[in-house]
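So the structure is just underneath, and the comments pick up after that.
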Amino acid sequence: MSQKRLSNDCFALPPGVQWTPVDEALSRLRNTLLPLKKTEIIPLSEAAGRILAERPNAMRDSPPTANAAVDGYGFAASSVTQGSLRLPLAEGRAAAGAPYKGSLMPGHALRILTGASLPEGLDTVVLQEEITLEGGEIHIPEGWKSGANTRPAGEDVAAETPLLQAGRRIQPQDIALLAACGISEVSVHRPLTIALLSTGDELVQTGEKAASHQIYDANRPMLKALLKGWNFNVLDLGAAPDARPEVLAQLSKGAEADAIVTTGGASAGDEDHISAALRDAGSLSLWRIAIKPGRPLALGLWEGTPVFGLPGNPVAAFVTALVFLRPSLFQMAGQGWQIPAPTLLPAAFKKSKKQGRREYLRARRTGSGIEIFHSEGSGRISGLSWATGLVELPDEAAEITLGDPVRYTPFEAYGIF
Ligand code: AMP
Ligand code: MG
């Protein structure tokens, strides 16, 4: 199923726009892409990592009854005097899952274990380490407090309380909360399926023999891993040569998915078949983004399915995937628009930067601050493995000297581990 609600010109920029600033590009994507309303109800035990579509309400109080917080002896505070006590011990006990039947006689004490429901006539528990047991009586020293060592019903969560927010990715501890509140099923968004296509006559696949003029397709396995790490399903369309019929055929296969991501062929050159195909379909918006690396982004719809045409250079493909693709897909997946907030850290590098484009540098956090990779070449894939995150330099001109605060985002904040 695709986003049929989108129109062919949904990504169009106002006429005359030369360079689109990153923030402008982001807000256009944010305002254009809609959450796909595909939800399903699944057992709670399978919900880890899924995105909540509806906010569940607690089915019962947690804990469901007032209960003992420790192993010890309990009694009713109102049935005894203050100070030290000597109380006859009632027969039987109250344990977790095995409640005491009946009510406790006033002035008596009862053996009670952690988690046991408080029986009628028992509202106070004294730790077993604090008492002495002698001839069927327990001796409680002074200093006990009424209501001590007990937990009221609903102390943690009251029945009917709304739990968690729609759009939240369910974490293991959320499962504990929902289970404790009696919830066995949750309504979650269906994971999106993203079709992935590389383009280029020069590409061969890993494991294949490569002639000297050929290069290994590095983008598709990288993007596949990124998308899987972000909990999307991947429809792998392989690599298409720089030939229109093949590109069209693969795009049409990809239209079954919720979005199509391509790399390469996204500029306006002779062999840029992604942009050409989208242009022929009447839906191309070629965004020239004021960003380095990753300038051209070909956006459009193919048979109603959004296409994100990323650049071919692996570093540019990686950066644009983190900066533009991730929040766009999260929004479509019902997780809401999410951009990690950078941390300000001192630069361990110097750089003079021109006005007019935002720059993302491969960066590494060290004891002395943030270092950057020695080359800014967007084909230098090794810098991505060297880096621990990205540094974002502002759109304006900047003169960065040692110790200046720079905006650093670790890869983990982009969901890369
Ligand atoms: P393009 O955007 O198609 O002009 O490609 C830009 C550069 O990225 C060229 O040097 C391509 O060879 C290279 N490139 C394109 N696709 C890939 C890929 N899947 N893996 C590695 N390099 C690629
Ligand atoms: Mg190419």
Side-chain angles (χ1 to χ4, degrees), residues 11 19-20 25 194-229 232 234-251 253-254 257 259-280 284-300 302 307-325 357 359-360 362 373 375-387 416:
F11 297 113
W19 290 100
T20 307
I194 313 299
L196 201 48
L197 177 69
S198 295
T199 67
D201 278 343
E202 70 279 38
L203 301 180
V204 288
Q205 301 309 311
T206 48
E208 289 175 7
K209 232 171 122 60
S212 61
H213 61 279
Q214 292 178 312
I215 62 167
Y216 285 107
D217 181 355
N219 289 339
R220 202 157 42 85
M222 169 181 73
L223 288 167
K224 197 170 184 175
L226 278 175
L227 292 168
K228 287 192 165 172
F232 298 115
V234 174
L235 172 61
D236 192 338
L237 300 175
D242 289 318
R244 197 69 56 85
E246 275 88 344
V247 168
L248 300 188
Q250 293 308 328
L251 287 175
K253 273 194 207 162
I260 304 172
V261 176
T262 66
T263 61
S267 303
D270 299 350
E271 297 298 346
D272 287 319
H273 293 275
I274 294 294
S275 356
L278 290 172
R279 184 178 300 111
D280 290 352
L284 173 72
S285 295
L286 192 60
W287 287 12
R288 298 203 318 151
I289 301 178
I291 186 175
K292 185 185 167 196
R295 218 157 36 121
L297 208 56
L299 294 164
W302 191 261
V307 179
F308 298 86
L310 308 184
N313 274 307
V315 176
F318 181 78
V319 168
T320 49
L322 266 47
V323 175
F324 299 110
L325 185 63
R357 66 177 183 204
E359 295 189 10
Y360 289 87
R362 283 146 280 180
F373 192 54
S375 161
E376 291 182 19
S378 63
R380 301 290 289 263
I381 307 174
S382 64
L384 292 177
S385 294
W386 172 90
I416 300 169

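On a predicted model such as this, the values are computed, not experimentally measured, just so you know. All residue numbers refer to positions in the sequence shown, counting from 1. Counting convention: from 1, in listed order, for ligands and their atoms alike.
- Side-chain contact check for Ile194 versus Phe308: every heavy-atom pair is 4.5 Å or farther apart.
- Residue-ligand proximity, Pro314 to ligand 1, at heavy-atom distances under 4.0 Å covers atoms 21 (C), 22 (N).
- At least one heavy atom of Gly265 sits less than 4.0 Å from an atom of ligand 1.
- Between Asp217 and ligand 1, at least one N/O pair is under 3.5 Å apart.
- Ring planes of Trp287 and Phe11: perpendicular class, angle over 60° (limits at 30 and 60°).
- Close contacts between ligand 1 and Ile215 involve ligand atoms 12 (O), 21 (C), 22 (N), 23 (C) [criterion: under 4.0 Å to a heavy atom].
- Residue-ligand proximity, Glu202 to ligand 1, at heavy-atom distances under 4.0 Å covers atoms 11 (C), 12 (O).
- At a 3.5 angstrom cut-off on N or O pairs, Asp272 does not count as close to ligand 1.
- Nearest protein heavy-atom neighbour of atom 18 (C) of ligand 1: Asn219 ND2, 3.2 Å.
- Counting the atoms of ligand 1 from 1 in the order shown, those under 4.0 Å from a heavy atom of Tyr216 are 20 (N), 21 (C).
- No side-chain heavy atom of Ile289 sits less than 4.5 Å from a side-chain heavy atom of Trp19.
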Passes side chain to side chain contact (heavy atoms under 4.5 Å, CB included), Leu322 versus Leu226? Steps please.
-> CA-CA 9 Å; Leu322 266 47; Leu226 278 175; 4.1 Å; yes

Solution key, residues 293-300 side-chain donor-acceptor pairs under 3.5 Å, sequence neighbours excluded:
none

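- Taking every heavy atom of Asn313 and a limit of under 4.0 angstrom, the matching atoms of ligand 1 come to 6 (C), 7 (C), 8 (O).
- When every heavy atom of Arg380 is checked against every heavy atom of Val315, the shortest pair comes out as O-CG2, 3.6 Å.
- When each of Thr320, Asn313, Asn219, Thr199 is paired with Thr263, the side-chain hydrogen bond (donor to acceptor under 3.5 Å, both in side chains) condition holds for Asn219 and for no other.
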Show me the donor-acceptor pairs within less than 3.5 Å that the side chains of residues 269-278 make with the rest of the protein, sequence neighbours left out.
residue	atom	partner	partner atom	Å
Glu271	OE1	His273	NE2	2.8
Asp272	OD2	Ala268	N	3.4
Asp272	OD2	Gly269	N	2.6
His273	ND1	Arg244	NE	3.4
His273	NE2	Asp242	O	3.3
Ser275	OG	Gly265	O	3.2
Ser275	OG	Ala266	O	3.2
Ser275	OG	Ser267	O	2.4

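- Of the protein's non-hydrogen atoms, Ala218 N, 2.9 Å is the one closest to atom 20 (N) of ligand 1.
- Here the heavy atom of the protein found nearest to atom 5 (O) of ligand 1 is Gly312 CA, 3.7 Å.
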